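Before any comments, here is the structure.
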Amino acid sequence: MDTISEYIREHVDEIPFKALQPDEMEASAEEKQETMQRILKKDRGLFLSRWGRHLPFGILQEFEPFREKEYEVDIYLKQLLPTPQEERTQRKIIHNRRYEYLKRHLHGSSYFSDESMQQLDPVLYEQFIGQHLTQDEKDHPYDPEENLVQRLLGNMDRRNAHEQVQRQKLIDEEQFEEEDEDSEDEDGDLKMGESTYNNNNIMVTDEEETERVERDEENEEDIEKMMAFREQQRLELVRLLEERFLSGKDTKFDYTTVDKNEAYDDIAQQEQDIHDQYFDEESDSTDAGLLQQQSVYTGVQDY
């Protein structure tokens with residue numbers, strides 16, 4: 001009953017409310033709601049007779065527990081609720097409309113941005129994306145226009161810059177400790193193959209340069225693997241949130257704008273559904289006929 005009462009409060013302006021007397025003034029929204037809530041508690045059969053045809057399928061189902069004990073409720077629900085076949089058809093139409101809306105308006109939009117997905121389902125977001133973010137990524141939000149590759153490359157650039165700074169500090173300390181030894185070589189000539197300068201004009205030995213190159217190559221391989229893994233995780237999260245939207249579980253979305261909107265009907269898909277349904281029913285009828293023929297007893301025994 002709480003769900004029905006809440007629906008009345010939220011949609012009282014959308015439910016037609018006819019005056020009982022021809023000369024009766026139109027009631028205000030508060031008066032309409034008070035009357036509907038009172039009748040709902042006092043006589044559910046009368047409530048369904050007056051407003052049942054304006055209620056959605058999900059709200060009508062809330063009256064199911066009262067069918068056995070309240071005869072009028074059972075009578076009106078038989079008139080208002082669709083048959084199993086109509087229900088399946090309606091569910092298919094609604095699913096197709098939501099899918100069409102998903103394709104037109106949500107794919108490629110901010111609905112599936114990291115920020116939005118985190119708000120839609122924080123637990124799923126943490127499981128598929130959040131736990132794989134670095135602390136730097138968590139502490140420093142990115143431009144929404146940046147893609148995953150740009151973010152990872154930015155991280156790599158910052159890490160390389162940090163390593164260069166640390167390497168320079170180490171070289172400065174070594175040079176300070178060996179100042180006396182360096183002063184003996186006033187000519188400053190360096191033998192070929194012993195040391196060189198990198199792109200940042202920092203002196204490094206050939207061994208250090210080789211180690212740096214190998215380390216950079218390993219880092220690039222690790223980055224590529226991480227990029228592929230994180231992109232796979234993100235796509236899986238998007239898929240789960242798509243299924244959540246199609247099943248009507250996005251509590252912040254007004255599904256009535258889609259479910260009742262014929263503009264999102266896919267005519268080609270509807271024709272295919274009708275075609276499939278026809279042949280499914282034809283197949284069921286054929287199977288039932290064969291089974292009936294096989295079960296007929298003629299009374300004649302074959303020897």
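Computed from a predicted model, the values in this text were never measured in an experiment. The analysis underlying the following values was restricted to heavy atoms, covering all of them including side chains, and did not include hydrogens, waters or symmetry mates.
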Out of Ile39, Ile75, Leu77, which residue meets the side-chain contact (heavy atoms from CB on, under 4.5 Å) rule with Leu48?
Leu77
Gln131 side-chain N/O to Gln127 backbone N/O, donor-acceptor pair under 3.5 Å:
yes
Not counting sequence neighbours, list each pair that qualifies as a side chain to side chain donor-acceptor pair (under 3.5 Å) and has a residue in residues 52-61.
none
Asp259 vs Arg98, salt bridge (charged side-chain N to carboxylate O under 4.0 Å, His left out): CA-CA, chis, key distance, verdict
CA-CA 7 Å; Asp259 295 351; Arg98 291 176 182 178; 2.8 Å; yes
Once salt bridge (charged side-chain N to carboxylate O under 4.0 Å, His left out) is applied, do any residues pair with Glu64, and if so which ones, sequence neighbours excluded?
Arg67
Under the side chain to side chain donor-acceptor pair (under 3.5 Å) test, which residues partner Arg88, sequence neighbours left out?
Gln85
Sequence neighbours left out, what passes side chain to side chain contact (heavy atoms under 4.5 Å, CB included) with Ser109? Give chain and number order.
Leu106, Tyr111
Show the numbers, then the answer: is there a salt bridge (charged side-chain N to carboxylate O under 4.0 Å, His left out) between Asp250 and Arg244?
CA-CA 7 Å; Asp250 184 350; Arg244 173 181 171 173; 5.2 Å; no
Just jot down the side chain to side chain contact (heavy atoms under 4.5 Å, CB included) partners of Glu224, sequence neighbours excluded, or say none.
none
Partners meeting salt bridge (charged side-chain N to carboxylate O under 4.0 Å, His left out) with Asp43 (sequence neighbours left out)
none
Less than 6.0 angstrom from the centroid, inside 45 degrees of the normal: does Arg50 satisfy that with respect to the ring of Phe17?
yes
Donor-acceptor contact below 3.5 Å, side chain His11 vs main chain Tyr7
yes
Is the closest basic N to carboxylate O distance between Asp13 and Lys32 below 4.0 Å?
no
After noting the C-alpha distance and the side-chain angles of Phe47 and Val73, does the key distance pass the side chain to side chain contact (heavy atoms under 4.5 Å, CB included) rule?
CA-CA 9 Å; Phe47 180 90; Val73 170; over 6 Å; no
For Tyr255, what residues pass the ring-ring contact (aromatic ring centres under 6.0 Å, His included) criterion, not counting sequence neighbours?
Phe245, Phe253
For Lys42, enumerate each residue passing the salt bridge (charged side-chain N to carboxylate O under 4.0 Å, His left out) test, keeping only those at least two apart in sequence or located in another chain.
none
Test of understanding: with side chain to side chain contact (heavy atoms under 4.5 Å, CB included), list the residues that count as partners of Glu100, not counting sequence neighbours.
Lys103, Arg104, Tyr264, Asp266
With Asp2, which residues qualify under side chain to side chain donor-acceptor pair (under 3.5 Å), at least two apart?
none
Pairing residues for Ser113 by the side chain to side chain contact (heavy atoms under 4.5 Å, CB included) criterion, not counting sequence neighbours:
Ser110, Glu115, Ser116
Partner residues of Glu236 under the side chain to side chain donor-acceptor pair (under 3.5 Å) criterion, sequence neighbours left out
Arg239
